[in-house]
**Student:** 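I have a structure here, written as C-alpha cells, and I will follow up with some questions on it.
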Amino acid sequence: EAGVAQSPRYKIIEKRQSVAFWCNPISGHATLYWYQQILGQGPKLLIQFQNNGVVDDSQLPKDRFSAERLKGVDSTLKIQPAKLEDSAVYLCASSLAAEQETQYFGPGTRLLVL
Amino acid sequence: GQNIDQPTEMTATEGAIVQINCTYQTSGFNGLFWYQQHAGEAPTFLSYNVLDGLEEKGRFSSFLSRSKGYSYLLLKELQMKDSASYLCAVSRWGKLQFGAGTQVVVTP
C-alpha cells in the first residue's frame, strides 16, 4: 500500500515570496491533516479536512496560510507571503476517519525562508 | 503543547532498556499515541493506548494510566537504529496534540 506522498521535499525561498506544498493521502483515507513542525518541537496541527470539508483550522494563520482539498483527495497548502518564522517542516498525514484513528505521515516538506 | 510533558533527551547503551515517560492533562482525553521520528524523516506509528495497562509489541511496550494522566514507552534490547525522537501524542476531542519529543541516543 502506497504511503502519504508529499512534494516538494525541500524548498528555499526569500521572505515575502509565496510557496505551495502538495499532499496525496493514502487511498481511501477520508481525513487529511497538515502539521507544522519547528525544529526541536512536536508537530502542530494547522488544518484538518474530512473529505473536502474543513473540520478544524483554528491554528491556521489565515492572513498568510491557505489550504484546500477540492475533490476530497489531494490537498495543497499555500503560504503567501512567507515570513522567516515559517521555516519548518510541513507534514501531511491521513487517517481512515477522524477521532482515535491512527494517523500516517508523509515525508514532509522542509521549508527554509531566508 | 497543551501541557504534554516528556524528557528532552535520554542516553542508553546498546542492549539496555530505556523508559520514556509522558504526562498530560486528562481533560477530554480519548487515547494516547507513541510515534518514532528519525532525524529528517516523518513520524511513524508505534503504539496506541486507550485503556489502562500495558500493551506489548515486540521490543516496544507502552503503558497508560488514565486517572494519573501518565504513559510510558519502554524500549528493550536497544539497538543503534533505535536512536530517534519519540513523540507522545494525546488524542483529545478528535485531534492529536504532540509533546516536544524525547531524543533517545543509543551508544555502543
Side-chain angles (χ1 to χ4, degrees), chain A residues 1-10 21 23-26 29-50 53-60 88-112, chain B residues 1-10 20-25 28-51 55 57 60 62 64 66 71 73 84-105:
Chain A
E1 178 182 87
V4 176
Q6 290 187 247
S7 68
R9 292 296 310 277
Y10 305 92
F21 312 129
C23 173
N24 187 5
I26 293 173
H29 280 196
T31 309
L32 185 147
Y33 312 80
W34 282 103
Y35 288 89
Q36 180 193 58
Q37 187 174 24
I38 293 172
L39 189 63
Q41 299 181 17
K44 183 186 86 169
L45 179 68
L46 292 175
I47 189 167
Q48 176 182 344
F49 291 94
Q50 179 74 16
V54 175
V55 173
D56 181 7
D57 63 356
S58 57
Q59 297 195 84
L60 188 73
V89 177
Y90 291 85
L91 294 165
C92 178
S94 70
S95 65
L96 273 174
E99 301 193 18
Q100 302 174 326
E101 286 287 342
T102 300
Q103 295 183 24
Y104 297 91
F105 286 81
T109 296
R110 190 173 300 270
L111 175 67
L112 178 61
Chain B
Q2 301 288 322
N3 297 109
I4 299 171
D5 295 315
Q6 50 181 131
T8 303
E9 184 172 312
M10 302 181 76
I20 306 169
N21 296 325
C22 173
T23 58
Y24 58 90
Q25 290 184 339
F29 177 84
N30 287 330
L32 190 140
F33 290 84
W34 285 97
Y35 281 82
Q36 180 192 58
Q37 187 175 27
H38 285 100
E41 298 182 13
T44 55
F45 169 76
L46 288 178
S47 67
Y48 175 55
N49 293 71
V50 64
L51 300 176
E55 297 272 348
K57 193 183 293 186
F60 293 1
S62 56
L64 178 67
R66 294 177 66 108
S71 173
L73 180 69
S85 180
Y86 291 84
L87 299 164
C88 171
V90 171
S91 177
R92 187 179 277 134
W93 299 300
K95 299 174 187 57
L96 276 190
Q97 296 166 323
F98 285 84
T102 298
Q103 186 66 44
V104 170
V105 178

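Chain naming here is simple, since letters A, B, ... match the order of the sequence lines and numbering starts at 1 in each. Worth knowing before you read on, the calculation uses all heavy atoms, side chains too, and leaves out hydrogens, waters and symmetry mates.
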**Student:** Pick from A:Val89, A:Leu45, A:Asp56: which one has the most heavy-atom pairs with chain B under 4.5 Å?
**Tutor:**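 The candidate making the most pairs under 4.5 Å is A:Asp56.
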**Student:** Identify, with sequence neighbours excluded, every residue that meets ring-ring contact (aromatic ring centres under 6.0 Å, His included) alongside A:Tyr35.
**Tutor:**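 Partners of A:Tyr35 under the ring-ring contact (aromatic ring centres under 6.0 Å, His included) test: A:Phe105, B:Phe98.
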**Student:** Does any heavy atom of chain A fall under 4.5 Å from the side chain of B:Gln103, the backbone, both, or neither of them?
**Tutor:**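 Neither part, no heavy atoms under 4.5 Å.
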**Student:** So which heavy atom on B:Ala42 is nearest to which on A:Pro107, and how close?
**Tutor:**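 Residues B:Ala42 and A:Pro107, closest heavy atoms: CB-CA, 3.9 Å.
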**Student:** So which part of A:Gln6 gets closer than 4.5 Å to some heavy atom of chain B, the side chain, the backbone, both or neither?
**Tutor:**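 Interface part for A:Gln6: neither.
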**Student:** Which one, A:Arg110, A:Gln41, A:Lys44, A:Gln103, leads in non-hydrogen pairs under 4.5 Å with chain B?
**Tutor:**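 Top count of heavy-atom pairs under 4.5 Å with chain B: A:Gln103.
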**Student:** If every non-hydrogen atom of A:Gly42 is compared with every non-hydrogen atom of B:Leu87, which pair is closest and at what distance?
**Tutor:**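 Closest heavy-atom pair between A:Gly42 and B:Leu87: CA-CD2, 4.2 Å.
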